[in-house]
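Structure, as structure tokens:
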Amino acid sequence: MEQRPDGEKPYQTKKFRATLAIILAALAVAAVFAAVKPSRGEMSLSLSEDLIADAGDRYSETYSDYVVFNIIRGKNVKTAATDTFMGFAGRIYNVNDGFMTSIADVILWLPALMGGARITVLLTIAATFAGIFLSVFLALGKISKNKAVNKFCGAYIFFFRGSPLLMQLFFIYYGLPQISPVLAINNKFLAAFIAFSLNSGAYCAEIIRAAIQSIEKGQFEASSVLGLTYAQTMRLIIIPQSIRRLIPPVANEFIMMLKDASLVSMIALSDLTHVTRSISSSASSVLVYIPAMIIYLVITALFTFIFTRLEKRFSLYQ
Amino acid sequence: MALIRTENICKNFAHLEVLKDVTVKVEQGEVVCIIGPSGAGKSTFLRSLIQLEKITSGKIFIDEELFLERRDNATVFRLEHEEYKRLLLEMGMVFQSFNLFPHKTALENVMLAPIHAKKISKADALSIARDRLAEVGLADKEDQYPSRLSGGQQQRVAIARALAMEPKIMLFDEPTSALDPELVGEVLGVMRRLAESGMTMLVVTHEMGFAKEASDRIIFMADGAIAEESSPEEIFANPVNPRTRQFLNSIL
């Protein structure tokens, strides 16, 4: 039953292949550059021997994984100075001037920022998926003619959309253990995941309800006269048609969630925002906000791209 | 034997009386056309039969078996679930707006209900669906999505889809009203062939040519009630009711 109409599938078009090739090529180049960082020995060789001799017993060098080199030179404390080199992509740069120092700093911070970004993305994806799963039931409940189910789902959606996400997060992480130790969630990621899933469930439920109710009445009528049950009608006819209409608002919700995920820095879960703030305070520099925001933008752009593709993929029959 | 019989069906939307004491009998193998001005309750009657509308009062018999009885907007009698579903599926319906499932191909549209509502095997459903599509002349379009078919082709797929459930009677609710004039003929052709093959049909239509040639009996409805009922020759040659005469004059 996988036969499709004639014509190209959107994900097979030349434009899509070209875009994919560019992204893959960029990733490959970045991987190669990162791999070919100079060894410690090579970087030591690039230091002027005069400087080392000049430094005498005050000379020391540090070499970190982040390919930064420090030398303290000068015969006494007053004339002590640092000479910093950075190796990147197979080349060695002298980074003593302000601008290059900043670049070196940014590269130094990148691994920590990427670690934070990993948490942010994982949390967003996991919570959105769990939220969508939950919201299908909430939406069906809200449409349901059963009064109790309907009221319960309505109240749930009202509560989670009507109160701040930050308070929901605090309540789950700090509040629940005080009600009963049994409810304590010690894993910060898990607590954040639960709070975000419950919250996005409420938002997505409204999106799904609207999408289901936007399907023409004739689809329900045709299903009914063909003898399909309500569950079959939903599963086979209505929900598959809603999916394409769901993608743009769900993408929007996903991107909102990605940025709302910065709230978890308030329970000290090391997401991108939390990492950025701690780097900023320990290095007493606000420079770190620039790469952090660029990382947010890159993630957003990537997922916007994915959702646009998905939407085209599900528009096949139109 | 009457396949479908209704007794005094009434239907009110709030204070508006849409159907007033409609009593109709359709015999096995008969082709009955319902004509009349818009707002006469023709579609509502058809939709009431197949339970898309709740009647206010009246009785519906299918196969001479009481199927549903309602009085004052409350159900007095309704068959048990299994039996109810079985009799309901003796009716197939074709809509004015086709209502094909847009995310399924023509073949999948026809196969879906036999598989899920009748629980027959996929292989059997496939062969039934191919046969029905061939009957409406669309064997070569089975892999097309509805959006790639013309209105006439979509309506023929919809007829094939209804036929795949092997109904005893087909209800047509203005099947050609949403079509471009040049596409009307192909759908009427399929309906004519269906009538000749002995299918019992109840057709709400504005196609007077079809009503005249293909039907055994014509029911003229006006203001929610049956105004006149007779053979096509009678009704077109000497309509008795002044409302019928007025209506036929206005469209012929």
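By convention in this document, chain letters (A, B, ...) are assigned in the order of the sequence lines, proteins followed by strands, and residues within each chain are numbered from 1.
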Once salt bridge (charged side-chain N to carboxylate O under 4.0 Å, His left out) is applied, do any residues pair with A:Lys217, and if so which ones, sequence neighbours excluded? A:Glu221
Just wondering, are more than 12 heavy atoms of other shown residues or ligands nearer than 6.0 Å to CZ in A:Phe305? yes
side-chain contact (heavy atoms from CB on, under 4.5 Å) evaluation trace for A:Val225 with B:Leu88: CA-CA 8 Å; A:Val225 302; B:Leu88 191 61; over 6 Å; no
Rounded to the nearest 0.5 angstrom, the CD1-CG distance for A:Ile237 and B:Leu112 is 4.5 Å
Does a sphere of radius 6.0 Å around CZ in B:Phe13 hold more than 12 heavy atoms from other residues, nucleotides or ligands, not counting ones at 6.0 Å or beyond? yes
Within 6.0 angstrom of B:Glu82 CD, more than 12 heavy atoms from elsewhere: no
Minimal non-hydrogen separation, B:Ala117 against A:Gly227, with atom names: CB-O, 3.5 Å
With a cut-off of 6.0 Å (strictly less than), are more than 12 heavy atoms of other residues, nucleotides or ligands near CZ of A:Phe129? no
Within the distance-only criterion (no hydrogens, no angle test), does the side chain of B:His116 pair as donor or acceptor with the backbone N or O of A:Leu236 below 3.5 angstrom? no
Engaged part of A:Ser223 at the chain B interface, taking heavy atoms whose separation is under 4.5 Å: both
NZ of A:Lys147: more than 12 outside heavy atoms within 6.0 angstrom? no
If you count heavy-atom pairs under 4.5 Å with chain A, which of B:Lys118, B:Arg161, B:Met165 comes out on top? B:Arg161
Check this for me: B:Arg192, atom CZ, are more than 12 non-hydrogen atoms of other residues, nucleotides or ligands nearer than 6.0 Å? yes
For the residue pair B:Pro102 and A:Gln241, establish whether any side-chain heavy-atom pair is separated by less than 4.5 Å. yes
Relative to chain A, which segment of B:Arg47 carries a heavy atom at a distance below 4.5 Å: side chain, backbone, both, or neither? side chain
Heavy-atom distance under 4.5 Å to chain A: side chain of B:Phe101, backbone, both or neither? both
For the backbone of B:Leu100 and the side chain of A:Gln219, can you confirm whether one donor and one acceptor N or O come within less than 3.5 Å of each other? yes
Between B:Leu89, B:Leu171, B:Leu52, B:Val94, which residue shows the highest count of heavy-atom pairs closer than 4.5 Å to chain A? B:Leu52
Kindly check if the number of other-residue, nucleotide or ligand heavy atoms within 6.0 Å of CZ (A:Phe189) is above 12? yes
